[in-house]
Structure formats: C-alpha cells, structure tokens
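Everything below concerns the one structure shown next.
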Amino acid sequence: MASPFHLLLFFSFLSCLGNTFPVLGFHSNSVFFPVRKDAATLQYVARISHGTPSGPTNLVIDLGGPFLWMDCDSGHVSSSNRLISSCSVNCSKAKFHDHGSKSAGGCLCNTDCNVFSYNGITGLTAMGELVEDIIAVDSVGRSEVGQIKTVDHFLFSCAPTFLLQGLANGSKGTLGLGKASLSLPSQFSSSIGHPQKFFLCLSSSDGVVLTGSGHPLFGTKITRSLVYAPLITKQHDYFINIQSIKINGKRLAVDKSMLLGDEEGKLGTKLSTIVPYTTVKSSIYAIFSKAYAKAADSMNMTRVAAVAPFELCFSSKGIENTILGPLVPEIDLILQSEMVKWRIQGRNSMVKVSNQVMCLGFLDGGLEQSSSIVIGGLQLEDNLLEFDVGSSMLGFSSSLLLKETTCSTIIQDTKRKQCI
C-alpha cells in the first residue's frame with residue numbers, strides 16, 4: 001500500500017506536468033480570422049479575440065512563425081490567462097521550436113515555462129512566458145457562416161513590450177502559421193479536429209486566414225481548381241522547388257542548381273508574409289532583371305530612373321490596363337513540370353509608385369540571402385494558397401482575378417452573410 005508520502009509525491013508530479021493532455025473543443029468545418037494589410041508597413045495583420053472578457057488583438061502574420069506571441073502587459077488583460085509549468089509536455093513542445101531553447105531553462109517543478117519569442121521583422125528575440133487562454137473564432141459550416149465559438153487551452157507566449165518594435169501600428173505580437181506543434185493551425189488541428197492544413201488569402205485590403213476545409217468559405221469551384229506542388233518544410237518555414245523561370249514564355253538561362261539550392265545548406269524558394277516584395281539572390285537576379293528589361297523593351301515599355309528600393313521602373317504612359325493589372329511581361333515559375341506553373345502578371349508584379357511610374361516588385365536580395373528566392377507579400381496577394389502540411393502539398397490558384405473574384409471580395413461577401 002502506498003504511503004502518504006509517496007501519494008504526495010505522485011500528485012505533486014501530476015501538478016508539475018499540468019496541461020499535458022489535449023482538450024477537445026467544438027467541431028467545425030473551418031474557422032477563419034480576418035486579415036487587413038497595413039498601408040504604412042505593408043504587413044498583414046490578423047485580428048483575434050481572446051481571454052475573459054473576450055477582447056480583440058491585432059497580430060502580424062508570420063507564415064513561418066512557430067507559435068503566437070503577444071505583449072500581454074500593455075494590451076487586453078484576461079482573467080482566464082494561465083501560466084504553463086516548465087515540466088509540462090506543452091513547455092517541451094514550445095522549447096523545441098523557439099529561438100533560444102538551450103538558454104530558456106529546464107524543468108523545475110513549481111516554475112513557469114519560459115520560451116524565446118521571435119520578431120521576424122526586426123530579427124529580435126526575447127524571453128517570454130508560455131501561457132494558455134480562451135480564444136474566440138468565427139466558425140464556418142456547410143449551412144452557417146460567422147458562428148462565434150471558443151477554443152479553450154490555446155497556448156501562446158507573453159513577450160515583453162519592446163519586442164513589438166517594427167510591427168504595424170496597433171499590433172500586439174505575431175501570429176505564427178509555421179510547421180510547429182504550437183502554431184495556430186497545429187493547435188486547431190488537435191483541439192477542433194481539423195486536418196493538418198490551412199488556407200491563406202491575402203489582398204491589398206481585406207483577406208483571411210482559415211483552418212480546416214476551404215469549401216464553405218471559398219466555394220468548391222475555386223478550391224477544386226487549385227494546382228498542387230510539393231510543399232517542403234525546413235525548421236518551421238515553407239518552401240517550394242522552382243525548376244525554372246520564364247518571362248513571356250522564354251526560359252531564363254539559370255542553372256537548376258541555383259534555384260533548388262544544394263546540399264551545403266542553401267535553400268530553394270521560401271514563402272514569406274514578412275517581406276513585402278519577392279527578393280532574389282544576386283546571382284539569379286542579375287539574369288532575371290536583364291531578361292525582364294529585354295521583354296519590357298520588346299513590348300515598347302519605356303524604362304525610367306529607378307525608385308528605391310526598386311531597380312526596374314517604367315513609365316505608366318501608354319500601358320494598357322487589364323483585369324490582371326497593367327499589361328507587362330508575364331513571369332512563370334515552373335514547378336515540378338511544365339504543366340505546373342505559378343504565373344505572375346501585372347497586378348502581382350508591378351508596384352505603382354506615382355501616377356506616371358510603376359516598378360517591378362522583385363528586389364535584389366544580395367549574395368548572402370540563404371534562400372535562392374523569397375516570394376513576398378505582393379506576389380501572394382489574390383492567390384488562394386492551401387498549405388496541406390499533412391500531405392506536404394501546396395495548392396495555389398494563381399490570380400483569382402481570372403476567376404472574377406478577389407480575396408477581398410470573398411471576405412466582404414462573408415461579412416454580408418454574417419449580417420443576414
């Protein structure tokens with residue numbers, strides 16, 4: 001028979017573990033969070049509601065972020081916020097993905113879990129406390145839109161206020177969507193029973209992050225038309241392999257190994273919501289920019305002086321505007337075969353810098369850029385992306401304008417349905 005002393009040790013151990021078992025929430029086809037683009041920083045800001053009482057918080061989307069972190073001191077104060085033990089399984093999961101696990105402390109009973117939070121805009125890291133709280137979500141089902149549901153025991157980090165440096169005005173942290181056990185999609189997969197996938201639909205105004213099935217919000221016509229390519233994850237970032245690049249149908253003389261990276265740690269093409277424009281490693285950009293300038297000249301586009309940070313700028317005079325934006329050279333990113341290509345047209349390639357001048361939204365990333373290409377926010381806009389992490393596949397629509405809709409239109413229609 002166990003002695004009182006041994007029983008005390010046993011229950012103390014359980015107390016130290018705390019929160020090691022998943023708590024299932026409600027069932028829903030999908031949940032979504034509205035997103036807006038901040039005009040000053042060009043960052044994409046999602047709004048979540050959390051805590052008791054429930055209050056809104058703006059968070060910058062970090063596609064490769066391992067978890068959600070926020071400044072808990074200067075924003076909404078929640079009475080349901082609970083600290084996580086340093087000896088819990090959830091603490092171990094968080095430390096596995098943070099940016100300083102070796103110095104964040106080990107398991108000490110009756111101590112709190114400290115993790116390092118990372119600001120992808122500035123590159124700063126800071127130690128914060130892992131906590132859990134209630135989060136409210138907009139639920140989408142086959143016959144209902146905008147039903148408010150709550151998810152208990154959602155885990156995130158409370159980071160110091162100074163880590164907000166560089167984020168969009170009014171933002172209180174970042175929303176991590178990366179491949180990590182405590183990222184928002186992963187936690188919803190566990191708590192709500194969603195498949196390991198999420199959708200991202202960004203625009204120059206309104207957009208959306210959605211977990212679960214995309215059919216209720218985007219419609220089967222769009223979701224079934226997506227083209228798929230292998231999705232590669234490295235640490236918690238997402239990559240695709242580009243086999244070649246074409247401009248107006250002409251293949252660039254770029255060695256395939258330069259695009260795919262190599263075995264020495266060089267990476268291929270990364271997808272990012274942190275950078276506003278696509279950046280290309282210098283060795284590839286030199287070939288790319290020369291070919292684009294030649295294609296533009298063949299279309300009688302007039303090149304003008306560069307406008308920082310852009311290198312290739314053109315006069316807008318005489319350029320025809322179409323449903324896909326200005327009529328300029330098309331850029332095709334060829335993926336696993338010639339049949340699978342990500343086409344980038346004027347709306348997603350050109351930046352209007354004045355009424356007279358537009359510039360190519362592809363930048364020289366320098367010689368030290370670790371990825372061959374980093375596809376940035378402008379090129380992701382109005383392109384429905386399905387990150388099927390469970391199957392390691394990326395679905396993409398290319399421009400939704402070809403389907404006579406936009407990410408903004410979709411979210412505005414959803415808001416109208418919520419009011420009915």
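The model shown is predicted, which means the values in this text are computed figures rather than measured ones.
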In chain order, what residues pass the side chain to side chain contact (heavy atoms under 4.5 Å, CB included) check against [X], with sequence neighbours excluded?
{"X": "S186", "result": "S183, Q196"}
{"X": "S225", "result": "K403"}
{"X": "N248", "result": "A295, M299, P329, E330"}
{"X": "E338", "result": "K246, R251, I334"}

Could I get the full list of side-chain hydrogen bond (donor to acceptor under 3.5 Å, both in side chains) partners for S78, not counting sequence neighbours?
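Residues passing side-chain hydrogen bond (donor to acceptor under 3.5 Å, both in side chains) with S78: S80, D133.
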Could you pull out all residues at least two apart from S272 that satisfy side-chain hydrogen bond (donor to acceptor under 3.5 Å, both in side chains)?
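side-chain hydrogen bond (donor to acceptor under 3.5 Å, both in side chains) check on S272 returns nothing, list empty.
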Is it true that a side-chain atom of E386 and a backbone atom of G214 form a donor plus acceptor pair closer than 3.5 Å?
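No, E386 side chain to G214 backbone: no donor-acceptor pair under 3.5 Å.
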Please check this pair: side chain of S337 against backbone of M339, looking for a donor-acceptor N/O pair closer than 3.5 Å.
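Yes, because the side chain of S337 sits within donor-acceptor range (under 3.5 Å) of the backbone of M339.
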Can you confirm whether V209 sits close enough to L177 that some side-chain heavy atom of one is under 4.5 Å from a side-chain heavy atom of the other?
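The answer is yes; the side chains approach within 4.5 Å.
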Can K234 be said to sit on top of F239's aromatic six-ring, NZ or CZ under 6.0 Å from centre and within 45° of the ring axis?
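Geometry flag: set, cation within 6.0 Å and 45°.
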Determine whether W69 and F156 satisfy the following criterion, ring pair (Phe, Tyr, Trp, His ring centres under 6.0 Å), listing intermediate values before the conclusion.
CA-CA 5 Å; W69 67 260; F156 58 93; over 10 Å; no
Apply the test ring pair (Phe, Tyr, Trp, His ring centres under 6.0 Å) to residues F218 and F199: give CA-CA distance (whole Å), side-chain angles for both, the deciding distance (0.1 Å), then the verdict.
CA-CA 10 Å; F218 303 111; F199 291 81; 5.7 Å; yes
